[in-house]
Amino acid sequence: MAANPQTAVSGLARALIQHGRLSEADAVSCTTAAPGVANGFLLELAQRKLVSTREIARFAAETFGYPLIDIAAVDRAAIPRDAIDRKLMAKHQVVALGKRQNRLVVAVADPSNMRALDEIRFQTGLQVDLVVAEADRLAKLAESLAESTEQTLKDLTGEEFDMDLLQQEGPSEQSSEDAGQEVDDAPVVRFIQKVLIDAINEGASDIHFEPYEKFYRIRVRTDGILREVAQPPLVLKEKIAARIKVISRLDISEKRVPQDGRMKLVLSKTKAIDFRVSSLPTLHGEKIVMRILDPSSAMLGVDALGYEPEQKKALLDAVERPYGMILVTGPTGSGKTVSLYTCLNLLNKPGVNISTAEDPAEINLAGINQVNVNEKAGLTFAAALRAFLRQDPDVIMVGEIRDLETAEISVKAAQTGHLVLSTLHTNDAPGTLERLRNMGVAPFNIASSVIMITAQRLARRLCTCKQPVDIPVEALLQAGFSGDDLDGSWQPYGPVGCERCKGSGYKGRVGIYQVMPISEEIAHIIMTNGNSMDIAAQAQREGVRDLRQSGLLKVKQGVTSLEEVLATTNE
C-alpha cells in the first residue's frame with residue numbers, strides 16, 4: 001500500500017518501516033490519528049500496542065547512533081531547569097539533563113525531529129548533545145517540571161493581583177502577540193507585583209533580583225540591611241528579567257551591557273511609586289536592581305530628618321540665603337537625595353525659578369524644572385548648567401559634582417546671584433573643601449562661593465521594644481564620650497526584637513549630620529591652603545559636631561544604639 005502523499009511520516013517512522021518494525025499502512029494510520037502533541041505518533045504506536053515505547057527508544061538509539069538513557073534514574077535535583085524555555089520543553093517534549101561549558105545534553109524521544117533540535121540551538125545558543133529516552137516517561141518528566149515551576153510560583157505569590165498595576169514611563173505600543181505573551185506569563189507578572197508591593201509595605205529602599213549557577217534569589221534592602229525574601233525557580237530568571245525590562249522600556253534583546261530605565265507601580269488613584277531600574281550582565285544572567293522612589297519621602301519635612309535644633313537652624317539660614325553653594329556629602333545610600341529634595345521643597349514657591357540637573361531625576365516634584373543628564377547625547381551636567389544660566393534661575397540643583405568643568409560652572413553660578421545645591425562623595429564636611437581644591441577649583445573661588453557643607457549618614461532607629469543596656473565606662477570613653485557625658489543622667493538602649501521590627505530590634509532610620517557653615521575663619525584657612533585637618537579643628541572650636549559626636553548624641557537620646565553609631569561613623 002502506498003503512503004498517502006498528503007500524510008507526511010517522520011524520519012523515525014520511515015526508519016521503522018525500512019527495518020521491518022512497522023508496516024507503511026500502520027505508520028500512515030498512526031500519523032493521521034496521532035494526537036496533536038509532541039511525540040504523538042510514538043504514543044499512538046504504544047497505545048495500539050504495535051511497538052512499545054521501550055522498543056522504540058532502543059531502536060532510535062541504535063539506528064541514529066545516540067546513547068539510550070533511563071529517565072527513572074535521572075536525578076531531578078540536578079536538572080538545569082533554566083536551560084530550555086518551559087514552552088519549548090512542553091512543545092517538543094524534551095528535557096535538558098545537563099550543561100557543560102557550551103554544550104547541552106538534551107533527552108528526546110525522536111532524534112529525527114530536526115525542528116526541535118534547531119529551535120533548542122537557537123534559543124540556548126549552545127551545541128546540543130542528544131540522548132534518547134522513552135516517549136511516555138519523557139512526557140511525564142517534562143510536564144512535572146513545568147507544573148512544579150507553576151506551583152512554586154503560586155506558593156510564592158499566594159494571592160492574585162491586577163495585571164495593570166505596572167506601567168511604563170511614557171507611551172508604548174504593544175502588539176497582540178506581546179499581549180498574548182503577557183497573559184501566558186500572568187503568574188510571573190503577579191509574582192513580580194507581589195514582590196514590589198511587599199517591599200513597599202516594608203519600607204524597603206531597593207530590590208535585588210540575583211541569578212546564580214544553581215539558584216535564583218530576591219533580596220530587599222530595608223533600613224540599610226539586605227534580607228532574602230524569595231527563591232523562585234531558576235528556570236524563571238529569563239522571564240522575570242524580560243518582564244521587568246519590558247515594563248522599564250529597556251532593550252530585552254541586549255544582555256551584554258548594563259541598562260537603566262524607570263517604571264511605575266500604581267497603588268491607587270492618588271498614589272503611585274516610581275522605580276529606577278538597573279540591569280547588569282553577570283556570570284549567570286542579568287542581575288536587576290530596582291530603587292524604590294517614594295515621592296512622599298521628599299515631603300517629610302526637615303523636622304523628620306533627624307537634625308538637631310542648632311543644625312536645623314543653620315541649614316534653614318543657609319537655604320534662605322539669596323546666593324551661594326550648599327553641598328551635601330556622604331556615601332551612596334546615605335540620604336543625600338532626600339536632604340536635597342527637602343531643601344528644594346522649602347524653596348519651591350510660585351515666585352522662585354528652580355532648575356535641577358540629575359542622573360537621573362529620582363523624584364518628580366511639581367513646580368521644579370528637572371532635567372535628566374544624558375552623557376551619550378552630550379547633555380552633561382556642565383551643558384545643563386550653562387543652559388540653566390540662560391533661563392533666569394533663582395535656585396539650581398546639580399545632582400553631583402564629578403569634574404572640574406561642572407565644579408567651576410557651579411561656583412560661578414553661586415558667585416553671580418544664584419543659590420546652588422549639589423552633592424559630592426567625601427567622608428566628612430572638611431574633606432569636601434579639600435576635594436574641590438584637588439579637582440582644580442581655586443581656593444578663592446571655594447571660599448567666596450561655598451556657604452555650607454552637610455555630611456551625613458543613616459543609622460537604624462531603635463524599635464519601641466528597645467531595652468536599657470549596661471555598657472562599660474571604658475567602652476563609652478573609647479567610643480568618644482567625654483567624662484562629663486557620663487554623669488548618670490541618661491541610659492543607653494539596645495535592640496531586642498519583636499513582631500513589629502521582625503526580630504531585628506530596629507525600625508526605620510535616622511540621619512546623623514555634620515552641619516558646617518563656612519565662617520570667616522574657615523574661609524581664611526581655605527585661602528591660605530590649609531588642609532582638612534585644620535578646617536576640622538576650626539569647626540570644632542566653632543561648636544560644629546562631627547559625625548561621631550552627632551551619633552553619640554543620638555545614643556544619649558535613646559534613638560539608636562552605640563554599636564549602630566560605631567558601624568556608621570568614622571572617628
Side-chain angles (χ1 to χ4, degrees), residues 305 307 311 314-315 318-319 321 323-344 355-362 371 373 375 380-385 388 395-415 418-458 511-519 522-523 525-526 529-536 538-539 544 546-547 550 568-570:
L305 298 183
Y307 287 97
Q311 292 176 335
L315 178 65
V319 169
R321 296 269 291 271
Y323 58 87
M325 182 184 291
I326 299 173
L327 295 174
V328 180
T329 183
T332 302
S334 61
K336 300 189 298 294
T337 300
V338 171
S339 294
L340 283 177
Y341 277 110
T342 301
C343 292
L344 289 179
S355 296
T356 73
E358 304 166 71
D359 185 22
E362 294 195 0
V371 174
V373 168
E375 300 276 352
T380 61
F381 280 116
L385 276 171
F388 290 165
V395 179
I396 296 172
M397 196 265 272
V398 184
E400 183 184 346
I401 294 177
R402 298 175 180 172
D403 51 53
L404 176 58
E405 185 181 16
T406 305
E408 286 184 334
I409 299 173
S410 300
V411 165
K412 288 175 183 176
Q415 291 173 332
H418 307 93
L419 184 63
V420 179
L421 289 76
S422 188
T423 68
L424 216 63
H425 286 283
T426 56
N427 289 327
D428 57 10
T432 304
L433 296 169
E434 195 164 5
R435 170 87 175 105
L436 284 172
R437 195 171 60 198
N438 290 340
M439 288 174 71
V441 182
F444 170 80
N445 286 331
I446 298 173
S448 62
S449 61
V450 181
I451 58 175
M452 169 172 283
I453 301 173
T454 299
Q456 64 183 72
R457 300 289 188 276
L458 287 177
I512 297 175
Y513 302 94
Q514 179 185 22
V515 180
M516 188 179 80
I518 306 302
S519 63
I522 292 178
I525 294 172
I526 297 169
N529 289 319
N531 58 33
S532 58
M533 295 178 65
D534 299 327
I535 297 170
Q538 178 59 35
V544 175
D546 62 23
L547 288 167
S550 294
T568 54
T569 62
N570 298 321

A.B. asks: Can you check side chain to side chain contact (heavy atoms under 4.5 Å, CB included) on Glu434 and Ile535, steps first, answer last?
C.D. replies: CA-CA 9 Å; Glu434 195 164 5; Ile535 297 170; 5.9 Å; no
A.B. asks: Any side-chain heavy atom of Pro430 sitting closer than 4.5 Å to one from Asp546?
C.D. replies: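 Of all side-chain heavy-atom pairs linking Asp546 with Pro430, none is under 4.5 Å.
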A.B. asks: Give, for atom CG of Leu404 and atom CG of Asn438, the distance between the pair rounded to the nearest 0.5 Å.
C.D. replies: 11.5 Å
A.B. asks: Taking the side chain as every heavy atom from C-beta outward, state whether Arg435 and Ser532 have any pair of such atoms under 4.5 Å apart.
C.D. replies: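 No - every pair of side-chain heavy atoms lies 4.5 Å or more apart.
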A.B. asks: Check whether Glu405 reaches the backbone of Ala382 with its side chain - one donor and one acceptor, N or O, closer than 3.5 Å.
C.D. replies: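 Checked: no pair found.
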A.B. asks: Would Ser550 and Gln311 count as a side chain to side chain contact (heavy atoms under 4.5 Å, CB included) here? Give the steps.
C.D. replies: CA-CA 10 Å; Ser550 294; Gln311 292 176 335; 3.3 Å; yes
A.B. asks: Work out which heavy atom in Ala447 is nearest to a heavy atom in Ala523; give both atom names and the distance.
C.D. replies: CB-O, 3.9 Å
A.B. asks: What pairs meet the side-chain hydrogen bond (donor to acceptor under 3.5 Å, both in side chains) rule with one or both residues in residues 325-335, with sequence neighbours excluded?
C.D. replies: Thr329-Thr426
A.B. asks: Tell me every residue that passes ring-ring contact (aromatic ring centres under 6.0 Å, His included) with Tyr513, counting only those two or more places apart in sequence or in another chain.
C.D. replies: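 So Tyr513 forms a ring-ring contact (aromatic ring centres under 6.0 Å, His included) with Tyr307.
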A.B. asks: What are the two closest non-hydrogen atoms of Gln456 and Val328, and how far apart are they?
C.D. replies: OE1-CG1, 3.4 Å
A.B. asks: Answer yes or no: is there a side-chain heavy-atom contact under 4.5 Å between Val450 and Ile526?
C.D. replies: no
A.B. asks: Please round to the nearest 0.5 Å and tell me the distance separating atom CZ of Arg437 and atom CD1 of Ile446.
C.D. replies: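 So the CZ of Arg437 and the CD1 of Ile446 are separated by 7.0 Å.
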A.B. asks: I want to check something: taking the side chain as every heavy atom from C-beta on, are Glu358 and Leu340 in contact at a cut-off of under 4.5 Å?
C.D. replies: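 No; the side chains remain at least 4.5 Å from each other.
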A.B. asks: Specify the closest pair of heavy atoms between Gly330 and His425, including all atoms of both residues, with the distance to one decimal.
C.D. replies: O-ND1, 3.4 Å
A.B. asks: Is there a side-chain contact between Ser410 and Ile401 in this structure, where contact means two heavy atoms from C-beta onward sitting under 4.5 Å apart?
C.D. replies: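 Answer yes - side chains close enough.
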A.B. asks: Heavy atoms only: give me the nearest Glu408-Gly440 pair and the separation to one decimal.
C.D. replies: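 For Glu408 versus Gly440, the nearest heavy atoms are OE2-O, 4.4 Å.
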A.B. asks: Which pair of heavy atoms, one from Val515 and one from Met452, lies closest together, and at what distance?
C.D. replies: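 Residues Val515 and Met452, closest heavy atoms: CG1-CE, 3.6 Å.
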A.B. asks: For Gln538 and Ile525, indicate whether the former's side chain and the latter's backbone hold a donor-acceptor pair under 3.5 Å.
C.D. replies: no
A.B. asks: Could you pull out all residues at least two apart from Val395 that satisfy side-chain contact (heavy atoms from CB on, under 4.5 Å)?
C.D. replies: Leu344, Leu347, Val352, Ile354, Leu419, Leu421
A.B. asks: Please identify each residue that fulfils salt bridge (charged side-chain N to carboxylate O under 4.0 Å, His left out) with Asp359, with sequence neighbours left out.
C.D. replies: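 Expected list: Arg402.
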A.B. asks: By side chain to side chain donor-acceptor pair (under 3.5 Å), which residues pair with Thr337, not counting sequence neighbours?
C.D. replies: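 Side chain to side chain donor-acceptor pair (under 3.5 Å) check on Thr337 returns nothing, list empty.
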A.B. asks: Start with the C-alpha distance between Ile451 and Ile326, add both sets of side-chain angles, then the distance that settles side chain to side chain contact (heavy atoms under 4.5 Å, CB included), and finish with yes or no.
C.D. replies: CA-CA 6 Å; Ile451 58 175; Ile326 299 173; 3.9 Å; yes
A.B. asks: What are the two closest heavy atoms between Leu547 and Ile512, and how far apart are they?
C.D. replies: O-CG2, 3.3 Å
A.B. asks: Quick one: pull up CE in Met325 and CG in Asn445 and give me the separation to the nearest 0.5 Å.
C.D. replies: 9.5 Å
A.B. asks: Does Leu327 form a side chain to side chain contact (heavy atoms under 4.5 Å, CB included) with Leu436? I'd like the steps, not just the answer.
C.D. replies: CA-CA 11 Å; Leu327 295 174; Leu436 284 172; 3.8 Å; yes
A.B. asks: Sort out for me which residue in Thr380, Ile409, Val371 forms a side chain to side chain contact (heavy atoms under 4.5 Å, CB included) with Leu385.
C.D. replies: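 Considering Thr380, Ile409, Val371, a side chain to side chain contact (heavy atoms under 4.5 Å, CB included) with Leu385 is found only for Ile409.
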A.B. asks: List in chain and number order the residues that pass side-chain contact (heavy atoms from CB on, under 4.5 Å) with Leu458, two or more places apart in sequence or in another chain; answer none if no residue qualifies.
C.D. replies: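 Leu458 satisfies side-chain contact (heavy atoms from CB on, under 4.5 Å) with Arg509 only.
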A.B. asks: Spell out, as yes or no, whether a donor-acceptor pair under 3.5 Å connects the side chain of Lys336 to the backbone of Ser422.
C.D. replies: no
